[in-house]
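Each chain gets a letter, A, B and so on, in the order the sequences are listed, and its residues count up from 1. Quantities reported herein were computed from a predicted structural model and do not represent experimental measurements.
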There are 4 protein chains.
Amino acid sequence: MADKKTVILKTTLELISEQGFVGTPMSQIAQRADLGMGTIYRYFKNKDDLLNALYLDIKKKIAAYSLRNYLETMPVRDGFKQLLGDLIRYFKENPAELSFLEQYVNSPIITAATREETMRMAEPFEELYRRAKKQNLLKELPFEVIGALLGGAAISLAKLYLASADGLDDESLARGLDALWDMVAR
Amino acid sequence: MADKKTVILKTTLELISEQGFVGTPMSQIAQRADLGMGTIYRYFKNKDDLLNALYLDIKKKIAAYSLRNYLETMPVRDGFKQLLGDLIRYFKENPAELSFLEQYVNSPIITAATREETMRMAEPFEELYRRAKKQNLLKELPFEVIGALLGGAAISLAKLYLASADGLDDESLARGLDALWDMVAR
Amino acid sequence: MADKKTVILKTTLELISEQGFVGTPMSQIAQRADLGMGTIYRYFKNKDDLLNALYLDIKKKIAAYSLRNYLETMPVRDGFKQLLGDLIRYFKENPAELSFLEQYVNSPIITAATREETMRMAEPFEELYRRAKKQNLLKELPFEVIGALLGGAAISLAKLYLASADGLDDESLARGLDALWDMVAR
Amino acid sequence: MADKKTVILKTTLELISEQGFVGTPMSQIAQRADLGMGTIYRYFKNKDDLLNALYLDIKKKIAAYSLRNYLETMPVRDGFKQLLGDLIRYFKENPAELSFLEQYVNSPIITAATREETMRMAEPFEELYRRAKKQNLLKELPFEVIGALLGGAAISLAKLYLASADGLDDESLARGLDALWDMVAR
DNA sequence: CATGAATGAGAATTCATTCAT
DNA sequence: CATGAATGAATTCTCATTCAT
């Protein structure tokens with residue numbers, strides 16, 4: 001059997017994306033994970049802690065997936081599209097993760113410490129931004145604004161694709177990515 | 001005194017934006033609203049109903065505010081910037097509304113019926129889209145995609161401005177709106 | 001029906017003196033008091049608070065009972081015997097109170113604030129001590145020592161009488177009180 | 001290393017006097033004693049058994065300490081003062097023991113069997129009482145009453161000395177012991 | 001209509017005890 | 001013999017909802 005911590009996180013995500021955080025009692029998580037209630041508390045201090053751990057875990061997976069095929073040697077434009085494209089593809093493949101994230105990015109349950117920790121994962125994106133700046137490819141907008149615009153639009157797009165019955169074909173994804181680039185390109 | 005329903009909605013928003021949903025019991029809403037618990041149940045079937053009503057109420061206010069200065073006779077580009085600019089300005093003036101909305105758009109508490117009802121408010125925006133299409137100003141993207149891209153980016157931008165200490169000056173807002181337009185413009 | 005707070009305190013004392021504090025769940029108190037669980041929490045913040053309130057309540061009753069027949073105009077020796085005699089008689093009539101007190105005087109559950117509040121009840125006894133001192137009737141011992149010696153011995157005596165099958169006859173109580181006086185008298 | 005049973009008892013006393021009974025789980029005892037949880041259950045049937053053993057252990061140490069310098073050949077008055085003086089000195093040197101005892105003498109956790117066993121330790125004191133009686137030195141009070149009065153007052157005194165910042169000097173202890181003797185002396 | 005005390009189902013969390021290694 | 005991860009019954013406490021006044 002997979003290690004217990006992993007099983008708990010997996011089960012929690014499943015249930016939360018189905019019923020929401022408030023709607024899923026610890027007892028149900030334990031039951032579905034086939035573990036005793038107390039076992040969860042061996043691995044996580046309390047319910048909030050479990051949620052924060054899950055949040056962090058997902059963020060890490062997203063970062064890893066996004067970077068799969070990204071190279072620092074890529075041309076800037078290709079780099080952007082690679083990163084954002086894989087971000088969207090990740091959510092396409094993991095809809096529960098997206099729904100979870102959307103619900104908790106702004107929740108007071110996610111602590112400042114957790115949020116801080118996710119910041120560090122933006123490092124490759126920051127490097128890309130600096131590269132783009134140097135080549136004078138971007139609009140006159142601060143890093144945070146660029147990030148917010150791209151992130152907001154990309155996630156919104158991912159949600160739409162998940163909702164649509166036909167799903168995401170490569171053609172329309174490519175067009176979406178072009179739009180994203182146009183938004184920030186000079 | 002304003003009518004009771006309004007007072008309840010206002011108080012609920014206040015408390016939820018201060019403490020989050022889980023942390024605000026009905027009894028506290030009643031107390032702060034200076035009403036008996038039973039009174040709330042006269043106006044709202046239950047807590048979920050209250051939340052859905054609040055959600056709808058806020059959406060309506062946003063729509064109204066966005067349309068304040070929008071005219072169907074405006075040039076398309078100006079129309080877009082007017083609608084989106086006022087959307088962002090609304091959140092600037094009503095931060096609690098934004099934080100509430102962010103937390104509940106994806107919550108299972110908001111029912112399908114409520115979600116459906118908010119759709120209708122996009123009507124003026126749809127009209128604008130059709131006008132833009134006719135003039136061949138937009139990229140080859142379906143209405144929903146255009147809407148998702150713009151909405152996601154705009155709200156993301158609003159959140160950033162709220163978080164930033166210095167806030168939103170006209171200059172940077174204008175540049176943000178230009179970026180949004182570039183995203184969808186042909 | 002008596003007021004709810006009183007009923008809860010009474011029931012709690014009953015159960016705790018039978019089973020101890022740890023051994024009596026709040027649910028059992030509610031059941032025996034014929035009240036809903038939540039009702040207890042309307043009147044007491046939590047279990048510890050309930051215990052502190054009970055502690056204080058009993059201390060007040062003891063003080064009142066001790067002072068029933070005590071007069072500041074009594075000769076000092078009679079005053080001592082009156083106060084201590086009624087203290088012992090109170091416990092004779094209210095065994096549960098004694099067992100409760102014995103168990104919790106030294107428990108960390110009783111807060112410093114509660115302890116402080118009980119101090120004030122010693123006032124009449126302090127007055128008596130001052131009067132005795134002025135008349136040079138007592139040994140050269142500080143007030144606290146006199147109090148500790150008398151209190152300790154008196155309560156120990158009360159416990160013994162409760163345990164003994166035959167109980168406390170006036171004759172032996174009188175002899176016990178004489179012994180107490182001899183302990184502190186010059 | 002001392003034998004395990006001793007280590008467990010010592011650690012339990014330590015933790016309970018620091019945090020109270022309710023606040024110290026078996027797991028914490030195991031951890032602090034540097035033993036596995038299961039090991040404790042090898043030496044004690046369950047938590048209550050551990051507590052009863054600790055209670056008995058402390059009582060034995062007290063009896064031993066009290067008798068250190070006591071001789072059956074001592075004059076009665078000196079004998080009393082010797083026994084009671086060393087009782088008080090023991091608590092002075094072992095405050096945790098006193099606090100533990102105070103909390104558990106009246107607790108339902110301590111079984112009748114345990115209580116019975118502690119009775120036997122009063123044997124030397126009983127002998128002393130008989131000797132005093134024969135010499136007609138005591139008031140007309142039954143053995144249990146004498147014991148209760150002296151025990152109650154002595155422990156009360158010890159507690160006071162522990163609480164007082166300056167502690168117990170020989171001078172004031174001597175005066176306290178005189179008072180105790182006066183209480184029971186004819 | 002309005003009130004808010006009372007309710008009790010339901011949730012989080014703890015911890016004594018067991019038992020496979 | 002020793003270990004400590006796993007268990008789940010038991011407990012405290014919260015809060016949406018009702019209903020007698």
Write down the atom of [X], the atom of [Y], and the distance for their closest heavy-atom approach.
| X | Y | result |
| --- | --- | --- |
| A:T24 | A:Q19 | CG2-OE1, 3.0 Å |
| D:I110 | D:L51 | CD1-O, 4.3 Å |
| A:N46 | A:M26 | C-CE, 4.4 Å |
| B:T118 | B:L56 | CG2-CD1, 3.6 Å |
| C:T111 | C:N52 | N-OD1, 3.1 Å |

query: Of D:D34 and A:D34, whose closest DNA chain F nucleotide lies nearer the 5' terminus?
result: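 Going by which nucleotide is closer to the 5' end, it is D:D34.
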
- prompt: Taking for each residue the nucleotide of DNA chain F bearing the nearest heavy atom, is the 5' side occupied by B:V22 or by A:I40?
  reply: A:I40

How close or far is atom [atom2] of [N] from atom [atom1] of [X], stated in whole angstroms?
| X | N | atom1 | atom2 | value |
| --- | --- | --- | --- | --- |
| A:K45 | E:dA12 | NZ | C1' | 15 Å |
| A:F44 | E:dT14 | CZ | P | 15 Å |
| A:K47 | E:dA11 | NZ | P | 8 Å |
| A:R42 | E:dT18 | CZ | C1' | 14 Å |
| D:M37 | F:dT3 | CE | P | 12 Å |
| A:Q28 | E:dA12 | CD | P | 10 Å |
| C:I8 | F:dC13 | CD1 | P | 14 Å |
| C:N46 | F:dT14 | CG | P | 8 Å |

message: Could you tell me if D:K47 sits above the aromatic ring of D:F21, with its cationic atom closer than 6.0 Å to the ring centre and no more than 45 degrees from the axis?
response: yes

task: Examine D:K5 relative to D:F44 and say whether NZ or CZ is less than 6.0 Å from the centre of the six-membered ring and inside a 45° cone about the ring axis.
output: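 Satisfied, under 6.0 Å and within 45°.
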
statement: For DNA chain F, the expected dot-bracket line (Watson-Crick or G-U under 3.5 Å, [ ] crossing, | inter-strand) is .||||||||||||||||||||

message: From C-beta outward on C:Y41, which listed nucleotide comes closest to its side chain: F:dT3, F:dC13, E:dA16?
response: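 Nearest to the side-chain atoms of C:Y41, counting from C-beta on, is F:dC13.
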
All N/O pairs under 3.5 Å across the protein-nucleotides 19-21 of chain E interface:
none

query: Taking the six-membered ring for Trp, are A:Y65 and A:Y90 parallel (under 30°), tilted (30 to 60°) or perpendicular (over 60°)?
result: perpendicular

- prompt: OP1 or OP2 of F:dA2 sitting under 4.0 Å from any side-chain N/O of D:K4?
  reply: yes

query: Between B:G36 and A:T39, which has a closest nucleotide on DNA chain E that is more 5'?
result: B:G36

query: So, do D:R42 and D:K4 sit near enough that their side-chain heavy atoms are less than 4.5 Å apart?
result: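 No, every pair of side-chain atoms sits at 4.5 Å or beyond.
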
message: Base, sugar-phosphate or nothing for A:Y43? Non-hydrogen atoms, less than 4.0 Å.
response: sugar-phosphate

